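Here it is, the structure, as structure tokens.
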Amino acid sequence: MTRTIVASATREIIIGFDQPFCVIGERINPTGRKKLAAEMIEGNFDTVIKDALEQVAAGATMLDVNAGVTSVNPNETEPGLLVQTLEIVQGLVDVPLSIDSSVTAAIEAALKVAKGRPLVNSVTGEEEKLEAILPLVKKYDVPVVAISNDETGISMDPDVRFAVAKKIVERAMDHGIKPHDIVVDPLVMPIGALGDAGRQVFALLHRLRNELKVNTTCGLSNISFGLPHRHGINAGFIPMVIGAGMTSAIMNPCRPQEMEAVRAANVLNGTDANCTNWIMTYRDYKPAEGGVAAATTAAPAAGGGRRGGRAARAGAGAVRE
């Protein structure tokens with residue numbers, strides 16, 4: 001059974017087919033958030049702190065940390081800012097972190113100070129990226145997100161995206177990196193622009209699980225980009241994509257409707273043993289005013305007890321909300 005281990009200084013988490021769905025909180029990312037970017041440039045981390053604490057309280061299993069505040073000289077500006085942000089976040093929460101950057105120097109700087117076993121986000125099938133990132137993944141013995149695009153961009157053909165994922169896995173093995181440390185992002189397309197985007201990703205997940213035997217992730221909200229009431233689409237997508245084999249997602253855990261879908265999927269998928277997490281979260285449930293479901297307590301969405309930059313890089317058209 002494929003198991004990807006990530007860890008903070010004090011807590012280890014397993015991403016796997018037999019584990020609760022791993023919710024990677026997306027909020028610490030200035031992409032599309034002008035106010036947050038301006039704050040971080042000024043050295044103000046109040047929103048970063050707030051977002052870190054709120055996401056963990058809402059049930060995030062991990063937190064994604066991105067400091068891409070500007071496209072001007074990112075090789076000079078981003079490493080120091082990412083290190084500063086990472087150190088603040090890992091001093092606040094005990095969940096594992098995802099180091100999210102398209103700047104190789106920033107990833108390496110963050111890996112030097114990261115505690116535990118973080119997830120590197122990310123590598124693509126581009127030769128330059130493969131040669132830059134995979135040696136770091138091997139050196140620091142960490143898992144990495146593999147995004148299924150290369151020099152040709154993002155293919156609308158799911159077979160091509162699978163081929164790119166396979167290439168990354170094979171190249172990682174050449175560096176001595178095991179497939180269980182590769183978490184593939186098959187690239188979820190917006191359903192409003194591509195009517196079979198859902199069916200594409202479900203088919204891709206089947207192949208990634210059964211042929212490459214790797215864990216998977218995605219930018220969850222990409223599926224609803226451009227549509228009204230996006231959270232309804234996202235909440236419907238979650239149990240379907242989990243049922244198809246997705247084992248983690250970068251998403252906003254502060255959306256109750258979406259987190260209810262995650263927790264319900266864990267129950268129905270058999271990864272919430274004895275419905276324990278569901279009961280702990282919703283045992284004091286009372287309908288909110290207007291009849292909208294609400295839980296009065298927050299609990300982690302993924303147990304196991306062991307444990308935007310992406311949109312800009314992959315060009316999938318996602319936006320932060």
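None of these values were measured; they are calculated from a predicted model. All heavy atoms count here, side chains included; hydrogens, waters and symmetry mates do not. All residue numbers in this chain count up from 1 along the given sequence.
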Minimum side-chain heavy-atom gap Ile24-Leu63 below 4.5 Å: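 No, every pair of side-chain atoms sits at 4.5 Å or beyond.
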Sidechain N-carboxylate O distance under 4.0 Å for Asp141, Lys178: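 Lys178 and Asp141: not salt-bridged.
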Ile147 side chain near Val145 side chain, heavy-atom distance below 4.5 Å: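 Contact flag for Ile147/Val145 side chains = yes.
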Pair Thr31, Asn29: side-chain N/O donor-acceptor within cut-off below 3.5 Å: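 Checked: Thr31/Asn29 side chains pair up, N/O donor to acceptor below 3.5 Å.
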Evaluation steps, side-chain contact (heavy atoms from CB on, under 4.5 Å), between Glu87 and Val83: CA-CA 6 Å; Glu87 290 183 322; Val83 165; 3.9 Å; yes
Phe21 backbone acceptor or donor facing Ser248 side chain under 3.5 Å: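 No.
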Met156, CE atom: more than 12 neighbouring heavy atoms under 6.0 Å: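 Check passes, neighbour count above 12.
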Full working for salt bridge (Lys or Arg N to Asp or Glu O under 4.0 Å) between Arg3 and Asp181: CA-CA 8 Å; Arg3 293 188 166 194; Asp181 276 334; over 6 Å; no
Note, Ile168 side chain near Val184 side chain (heavy atom, < 4.5 Å):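 They are not in side-chain contact.
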SG-CD1 distance between Cys218 and Ile223, expressed to the nearest 0.5 angstrom: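 The CD1 atom of Ile223 is 8.5 Å from SG of Cys218, to the nearest 0.5 Å.
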Where Pro239 and Ala265 come nearest, the two heavy atoms and their spacing: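 In this case the closest contact between Pro239 and Ala265 is CA-CB, 4.0 Å.
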Verdict with supporting geometry, Ile177 and Arg171, side-chain contact (heavy atoms from CB on, under 4.5 Å): CA-CA 9 Å; Ile177 302 163; Arg171 290 289 291 276; over 6 Å; no
Single-linkage hydrophobic cluster, 4.5 Å side-chain cutoff, Val142 and Ile99 together: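 In one cluster: yes.
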Ser224 (side chain) donor-acceptor with Leu227 (main chain) under 3.5 angstrom: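 Looks like no, no N/O pair under 3.5 Å.
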Backbone of Thr216 reached by a side-chain donor or acceptor of Thr247 within 3.5 Å: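 Yes; judged by distance alone, with no hydrogens or angles, the pair exists.
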Heavy-atom side-chain proximity of Leu212 to Lys166 below 4.5 angstrom: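 Sidechains of Lys166 and Leu212: in contact.
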Shortest non-hydrogen separation from Gln55 to Pro253 and the atoms involved: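 The answer is OE1-CD, 3.6 Å.
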Within 6.0 Å of CG in Asn274, more than 12 heavy atoms from elsewhere: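 12 or below, so no.
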Hydrophobic cluster membership, Leu86 vs Val137, 4.5 Å side-chain cutoff: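 Yes; tracing contacts between hydrophobic side chains, which count when under 4.5 Å, links both residues.
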Pairwise side-chain contact, Met62 with Asp64, heavy-atom cut-off 4.5 Å (strictly under):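 Not in contact.
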Candidate pair Lys112 and Ile107, rule side-chain contact (heavy atoms from CB on, under 4.5 Å), full reasoning: CA-CA 9 Å; Lys112 289 178 180 178; Ile107 290 176; over 6 Å; no
Short side-chain to backbone donor-acceptor contact, Asn222 and Pro190, under 3.5 Å: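 Looks like no, no N/O pair under 3.5 Å.
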Side chain to side chain contact (heavy atoms under 4.5 Å, CB included) partner of Val65, the single match among Asp100, Ile88, Leu82: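 Exactly one option meets the side chain to side chain contact (heavy atoms under 4.5 Å, CB included) with Val65, and it is Leu82.
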Evaluation steps, side-chain contact (heavy atoms from CB on, under 4.5 Å), between Thr70 and Thr77: CA-CA 8 Å; Thr70 177; Thr77 60; 3.8 Å; yes
Check: Thr276 main-chain N/O paired with Asp272 side-chain donor or acceptor under 3.5 Å: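 Here the side-chain-to-backbone pair exists.
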Trp278 vs Arg283 side-chain heavy atoms within contact, under 4.5 Å: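 Heavy-atom side-chain distance check fails, nothing below 4.5 Å.
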Val23 side chain reached by Val262 side chain, heavy atoms, under 4.5 Å: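 Yes; the side chains approach each other to less than 4.5 Å.
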Shortest non-hydrogen separation from Pro186 to Ser148 and the atoms involved: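 Scanning both residues, the minimum pair turns out to be CA-OG, 3.7 Å.
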Contact list for residues 202-222, test salt bridge (Lys or Arg N to Asp or Glu O under 4.0 Å), sequence neighbours left out: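 Output for this query lists Asp159-Arg207, Arg207-Glu211.
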Flag, side chain of Arg161 to backbone of Ile154, donor-acceptor distance under 3.5 Å: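 Side chain of Arg161 to backbone of Ile154, a donor-acceptor pair under 3.5 Å: no, none is there.
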Verdict with supporting geometry, Thr2 and Asn215, side-chain hydrogen bond (donor to acceptor under 3.5 Å, both in side chains): CA-CA 7 Å; Thr2 301; Asn215 281 308; 5.7 Å; no
Any donor-acceptor pair under 3.5 Å from Thr104 side chain to Ala132 backbone: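 Here the side-chain-to-backbone pair does not exist.
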Asn121 (side chain) donor-acceptor with Ser98 (main chain) under 3.5 angstrom: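 Not at all, since once roles are kept as given, no pair shorter than 3.5 Å links the two residues.
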Distance-only polar pair, side chains of Tyr282 and Arg263, donor-acceptor under 3.5 Å: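 Indeed, the side chains of Tyr282 and Arg263 share at least one donor-acceptor pair under 3.5 Å.
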Residue pair Glu39 / Thr47, side-chain donor-acceptor N/O under 3.5 Å: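 The answer is yes; a qualifying pair exists.
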Side-chain donor/acceptor of Glu127 to backbone N/O of Glu151, under 3.5 Å: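 Answer holds: no.
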Val113 backbone acceptor or donor facing Gln90 side chain under 3.5 Å: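 A pair under 3.5 Å: yes.
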SB check Asp150 Lys167 (cutoff 4.0 Å):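 Salt bridge between Asp150 and Lys167, a charged N being under 4.0 Å from a carboxylate O: no.
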Closest approach of Gly195 to Arg199 (non-hydrogen atoms, all atoms of both residues):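 Smallest interatomic distance, heavy atoms only, reads O-NH1, 4.3 Å.
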Name of the residue among Arg255, Gln257, His229, Glu258 meeting side chain to side chain donor-acceptor pair (under 3.5 Å) with Asn234: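 One option only clears the test, and that one is Glu258.
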Atom of Lys129, atom of Ser102 and distance for their closest heavy-atom approach: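 That closest heavy-atom pairing would be NZ-O, 2.5 Å.
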Contact check, side chains of Val120 and Pro143, non-hydrogen atoms, under 4.5 Å: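 Answer no - side chains too far apart.
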Val214-Leu130 co-clustered via ILVMFWY side chain contacts under 4.5 Å: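 Yes; tracing contacts between hydrophobic side chains, which count when under 4.5 Å, links both residues.
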Glu54 bridged to Arg27 by N-O distance under 4.0 Å: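 Salt bridge flag = no for Arg27 with Glu54.
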Cluster check Leu268, Phe237: I/L/V/M/F/W/Y, side chain < 4.5 angstrom: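 Unlinked, Leu268 and Phe237 end up in two clusters.
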Sequence neighbours excluded, every pair satisfying ring pair (Phe, Tyr, Trp, His ring centres under 6.0 Å) that has a member inside residues 85-109: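 Residue pairs passing ring pair (Phe, Tyr, Trp, His ring centres under 6.0 Å), neighbours aside: none found.
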Residue pair Ser101 / Ala106: nearest heavy atoms and the distance that separates them: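 Result for this residue pair: OG-CB, 3.6 Å.
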Leu204 with Phe17, same ILVMFWY side-chain cluster at under 4.5 Å: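 No, because Leu204 and Phe17 fall into different hydrophobic clusters, even though each may have its own neighbours under 4.5 Å.
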